[in-house]
Amino acid sequence: SSNCRWKIPFIQETMVNGSNPPPAVIAVTETWLKDYITDAQVSIRGYNAYRSDRQKRVGGGCLLYLHEQLLVKEVSEYSDKENNMVCCYIESSHTLIAAIYRPPDSNPSGFSSLLSHLQGTIDRISENHRMPDLYILGDFNFPEIDWKMPLSYQSNSVPEFFDFMDKNQLSQIVTMPTRGDNTLDLALTNVPRYVAEVSVAPTTLSDHCMVKALLGFDMLRIASA
């Protein structure tokens, strides 16, 4: 994947300007950003950027662009030398949106810490309310999982990942391959009934396909109500 700065014109022109209504959320993985790259350098008109950078290795990282109409009350970020996660809580719709990047060579303990961090955020938000609507997006690099028939797997991280999904009543809604024959880029939600359509299409940005999920309601209209 190329550096995120080179993806911005495509995102602005194709995904934002070319969509009506514009997407409420854009998740980007393999951003390759470092702390010396400012938010202003990766800004997109009409959106706020929330990011998790991988500092100690080349590559990695993830970023969420949330439309400026979505008022974020809380941001939580996780990073280690391999994995990245950033999540945003939108109080008006009681929704938590997360972007995750897990590399193919991820150490199980690091991914376990990431899931624990995210679970802690979910639990804290759920303390005085019902569980929030969850949308967890990203590149998880689990080629061994056949989502049409998930069984048992050799990877130490897969059982814990499935336990995390079960605990939060998450469904994985991407059913088509996103790189070669593998479904590496996932979208998890505990409200699959809100998802009207999921599509996967090649893009010049990456050797991964771009995943689009269309909800059955306008998240921006609800946010501005």
Side-chain angles (χ1 to χ4, degrees), residues 1-4 7 25-37 39 42 49-65 74-89 96-126 131-132 134-147 150-172 174 178-180 182-190 206-208 211:
S1 296
S2 59
N3 188 287
C4 182
K7 300 177 183 181
V25 177
I26 301 170
V28 184
T29 57
E30 287 264 36
T31 53
W32 290 47
L33 298 180
K34 302 298 181 187
D35 56 8
Y36 57 81
I37 300 172
D39 286 348
V42 296
Y50 306 91
R51 51 193 263 201
S52 175
D53 305 339
R54 190 166 72 181
Q55 300 295 340
K56 296 182 180 180
R57 283 177 57 184
V58 173
C62 58
L63 184 154
L64 278 174
Y65 288 110
E74 178 181 340
V75 180
S76 182
E77 184 263 347
Y78 174 90
S79 63
D80 57 35
K81 63 182 180 180
E82 298 174 338
N83 306 276
N84 293 92
M85 186 276 296
V86 61
C87 63
C88 299
Y89 174 56
L96 186 72
I97 301 169
I100 289 176
Y101 176 70
R102 173 191 176 273
D105 59 351
S106 176
N107 186 301
S109 64
F111 188 62
S112 177
S113 295
L114 183 155
L115 292 180
S116 295
H117 184 97
L118 180 54
Q119 187 64 60
T121 302
I122 295 170
D123 291 344
R124 185 172 64 256
I125 292 171
S126 304
M131 182 181 290
L134 300 173
Y135 299 95
I136 301 173
L137 319 167
D139 180 0
F140 288 80
N141 281 300
F142 283 127
E144 64 269 36
I145 299 179
D146 178 358
W147 288 101
L151 301 171
S152 59
Y153 298 93
Q154 295 179 350
S155 169
N156 292 333
S157 293
V158 172
E160 184 172 8
F161 183 46
F162 283 167
D163 287 345
F164 172 81
M165 290 182 62
D166 288 343
K167 180 173 182 178
N168 296 290
Q169 302 175 6
L170 294 168
S171 299
Q172 203 291 107
V174 181
T178 62
R179 184 178 185 272
N182 300 313
T183 305
L184 305 181
D185 305 274
L186 310 179
L188 313 174
T189 181
N190 62 345
S206 171
D207 56 356
H208 289 239
V211 178

Just how far is it from atom [atom1] of [X] to atom [atom2] of [Y], taken to the nearest 0.5 Å?
| X | Y | atom1 | atom2 | result |
| --- | --- | --- | --- | --- |
| Asn190 | Ile122 | CG | CD1 | 8.0 Å |
| Asn168 | Asp123 | CG | CG | 7.5 Å |
| Tyr101 | Thr31 | OH | OG1 | 10.0 Å |
| Ile100 | Phe140 | CD1 | CZ | 4.0 Å |
| Asn107 | Arg102 | CG | CZ | 10.0 Å |
| Asp185 | Ser206 | CG | OG | 7.5 Å |

What I'd like to find out is whether the side chain of [X] reaches to under 4.5 Å of the side chain of [Y], using heavy atoms alone.
| X | Y | answer |
| --- | --- | --- |
| Ser112 | Ser157 | no |
| Val174 | Trp147 | no |
| Val75 | Val86 | yes |
| Tyr50 | Ile97 | no |

Candidates Ser109, Pro104, Pro103, Pro108 - the one meeting side chain to side chain contact (heavy atoms under 4.5 Å, CB included) with Ser106: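 The option that passes is Pro103.
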Looking only at heavy atoms, which two atoms of [X] and [Y] are closest? And how far apart?
| X | Y | result |
| --- | --- | --- |
| Arg51 | Val42 | NH1-CG2, 4.3 Å |
| Met165 | Leu188 | CE-CD2, 4.0 Å |
| Asn141 | Asp139 | ND2-OD1, 3.2 Å |
| Asp53 | Glu77 | N-OE2, 4.4 Å |
| Asn84 | Gly61 | OD1-N, 3.2 Å |
| Ala27 | Leu137 | CB-CD1, 3.9 Å |

Test log, rule side chain to side chain contact (heavy atoms under 4.5 Å, CB included), inputs Leu64 and Val25: CA-CA 7 Å; Leu64 278 174; Val25 177; 4.0 Å; yes
For Thr121, side-chain contact (heavy atoms from CB on, under 4.5 Å) partners two or more places apart: Glu74, Ser76, Cys87, Leu96, His117, Arg124, Ile125
Test: Asp207 and Arg179 ion pair at under 4.0 Å: yes
Other residues, nucleotides, ligands: >12 heavy atoms within 6.0 Å of Lys81 NZ: no
Side chain to side chain contact (heavy atoms under 4.5 Å, CB included) between Tyr78 and Leu118, intermediate numbers included: CA-CA 8 Å; Tyr78 174 90; Leu118 180 54; over 6 Å; no
Main-chain N/O of Cys62 paired with Ser52 side-chain donor or acceptor, under 3.5 Å: no
Backbone of Thr178 reached by a side-chain donor or acceptor of Thr183 within 3.5 Å: no
